[in-house]
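One structure below.
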Amino acid sequence: MDSSVPERRLAALVSDWYAEHARELPWRAPGVSAWAVLVSEIMLQQTPVHRVLPVWREWLARWPTPQDLAVEPAAEVIRAWGRLGYPRRALRLHECAKALVDRHAGEVPREVDALLALPGIGSYTARAVAVFAYGDRHPVVDTNVRRFVARAVTALGDAGPPRTVADLAAVEELLPADAADAARASIAFMELGALICTARAPRCADCPVYAECGWQRAGRPAATGPARKVQKFAGTDRQVRGLLMAVLREATAPVPRAALDAVWQDGTQRDRALAGLLDDGLVHRLAGDRYALPT
DNA sequence: TATCCGTGGTA
DNA sequence: TTACCAAGGAT
């Protein structure tokens, strides 16, 4: 790999580190299908690796192709999602499988624009699939990469708010010219952000970029911008939605309204949460004021 | 652009 | 214990 350009030296250093220290994750194994990679990327959106692992294995064993998932009732998909969180992702992934069958002959496309047009796939996931499943050359920018670039290159303590276009351009500057090298660099940046250049207590002593890190050279300045707002969970509609979904996931038959009313005291908030779930298509209302996961 | 959307591990 | 935060996307 050509590491004569200073910015590209970061890619070389981190890629070498990756070769020694990467976790062995099943969706990185040789020969894994693009579908399997896509499923992993959706599950990993805002959900840690160790929680995704068992569910991903179960899903790929049960639904090894998009067609297999597409023909399944939504209720089964939502149940199999279990407690990964954000069950709308499960619904989107189900819709995505159906779109793959309808529009792409059951195959996962490799073009970023085609991937972006699929339900539940945004800027990060589209490029992650194109790069990690197909080996094409694109910048892949997730929260780990943004944090790494903010520190090593921009010399800031933390990344500011996402700026998709600018973020893509900044990472593009770091990528080697060769597609395979660029793909390796992207997964390596993400892994470094996950294991070393972490949000709270970065392990700089173990970092392969220590000597080149702008943040180190600047004396590790504290984050300046407004601290990212951490969303509350306890007491919010999201908690109520989670409680309602848990009841419906575990039910083997449509449940009466009373069973849902039991999960939360505040009727106004409970009604709002249920209305939201109905609107999202995660819950269906049946005759007799009974409720169930969507068929 | 800011907010909403689950769940659980960690310090 | 509380607060942070984890491979984002949709609106």
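Throughout, protein chains are lettered first and strands after them, A, B, ... in sequence-line order, and every chain is numbered starting at 1. Quick caveat, the model's predicted, so the values are computed rather than measured.
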Could you say whether T236(A) or P162(A) is positioned toward the 5' end of DNA chain B, judged by the nucleotide with the nearest heavy atom to each?
P162(A)
Under 3.5 Å, is there an N or O donor on one side and an acceptor on the other linking the side chain of T47(A) and the base of dG8(B)?
no
In this structure, how many angstroms lie between the P atom of dA7(C) and the CZ atom of R51(A), rounded?
13 Å
Sugar-phosphate only, base, or nothing, as touched by R83(A) at under 4.0 Å among non-hydrogen atoms:
sugar-phosphate
Sugar-phosphate only, base, or nothing, as touched by A128(A) at under 4.0 Å among non-hydrogen atoms:
nothing
In whole Å, what separates the P atom of dT10(B) from that of dA7(C)?
14 Å
Side chain of R241(A) (C-beta onward), nearest among dG6(B), dT7(B), dA7(C)
dG6(B)
Which whole-number value in Å describes the distance from L195(A) CG to dA6(C) C1'?
13 Å
Would you classify G122(A) as touching base, sugar-phosphate or nothing, given that sugar-phosphate means primed atoms plus P, OP1 and OP2, and contacts are heavy atoms under 4.0 Å?
sugar-phosphate
Calculate the interatomic distance between Y86(A) atom OH and dG6(B) atom P; express it in whole Å.
7 Å
Which part of the nucleic acid, if any, lies within reach of L244(A) when heavy atoms closer than 4.0 Å are counted: base, sugar-phosphate only, or nothing?
nothing
From the list dC4(B), dC4(C), dG8(C), which nucleotide is the closest neighbour of the side chain of Y124(A)?
dG8(C)
Of the listed nucleotides (dG8(C), dA7(C), dC4(B)), which one gets closest to any side-chain atom of Q46(A)?
dG8(C)
Should the pair R257(A)-D271(A) be classified as a salt bridge under the 4.0 Å nitrogen-to-oxygen rule?
yes
Nearest to the side chain of R163(A) - dG8(B), dT1(B), dA7(C)?
dT1(B)
Using atom CZ of R147(A) as one end and atom C1' of dA6(C) as the other, report the distance to the nearest whole Å.
9 Å
With a non-hydrogen cut-off below 4.0 angstrom, is Q239(A) in contact with a base, only sugar-phosphate, or nothing?
nothing
Whether over 12 other heavy atoms sit under 6.0 Å from F233(A) CZ:
yes
Testing the basics here: between G120(A) and I42(A), what is the closest heavy-atom pair and its distance to 0.1 Å?
O-CD1, 3.5 Å
Ion pair R270(A)/D266(A), N-O distance below 4.0 Å:
no
Assuming nearest nucleotide by heavy-atom distance, tell me which of A126(A) and V230(A) is located more 5' along DNA chain C.
V230(A)
How long is the line joining CG of L84(A) and C1' of dA7(C), in whole Å?
13 Å
Could you check which of dG8(C), dA11(B), dG9(C) has an atom nearest any side-chain atom of D142(A)?
dG8(C)
With heavy atoms under 4.0 Å as the rule, sort P161(A) into base, sugar-phosphate or nothing.
nothing
Give the nucleotide from the list dA7(C), dT11(C), dG6(B) with an atom nearest to the side chain of R92(A).
dT11(C)
Looking at E72(A) and K98(A), does any basic side-chain N land under 4.0 Å from a carboxylate oxygen?
no
Does one hydrophobic cluster hold both L277(A) and L93(A), with members joined at side-chain heavy-atom distances below 4.5 Å?
no
Give a yes/no answer on whether the side chain of T125(A) brings an N or O atom under 4.0 Å of OP1 or OP2 in dG9(C).
yes
Let me spell it out: for each of I121(A) and N144(A), pick the nucleotide of DNA chain C with the closest heavy atom. Which residue's pick is nearer the 5' end?
N144(A)
Measure the distance from CE on M190(A) to P on dA6(C) and round it to the nearest whole Å.
12 Å
Measure CG/L192(A) against P/dA7(C) and give the value in whole Å, please.
12 Å
Take T164(A) and D167(A), measure what side chain to side chain donor-acceptor pair (under 3.5 Å) needs, and give me the verdict at the end.
CA-CA 5 Å; T164(A) 303; D167(A) 292 341; 5.7 Å; no
For the side chain of E41(A), starting at C-beta, report the closest nucleotide among dA7(C), dT10(B), dC5(B).
dA7(C)
Look at R146(A) and dA6(C) and indicate whether a side-chain polar atom (N or O) is within less than 4.0 Å of OP1 or OP2.
no
Separation between the P atoms of dG8(B) and dG9(C), rounded to whole Å
23 Å
Check the distance between dG9(C)'s C1' and L91(A)'s CG and give it to me in whole angstrom.
14 Å
Touch check for S40(A), heavy atoms < 4.0 angstrom, all strands: base, sugar-phosphate only, or nothing?
nothing
Looking at the side chain of T143(A), which of dG9(C), dG8(C), dA3(C) is the nearest nucleotide?
dG8(C)
Is W81(A) touching bases, backbone alone, or none of the nucleic acid, heavy atoms closer than 4.0 Å?
nothing
Give me the distance, rounded to whole Å, that separates dC4(C) from dT3(B) when you measure between the P atoms they each carry.
16 Å
So R127(A), base contact, sugar-phosphate only, or nothing? Heavy-atom distance under 4.0 Å.
nothing
Closest nucleotide among dC5(B), dA7(C), dA6(C) to the R238(A) side chain
dC5(B)
With a 4.0 Å cut-off on heavy atoms, is R249(A) in touch with a base, just the backbone sugar-phosphate, or nothing at all?
sugar-phosphate
Has W59(A) got a side-chain atom pairing as donor or acceptor with L69(A)'s backbone, closer than 3.5 angstrom?
no
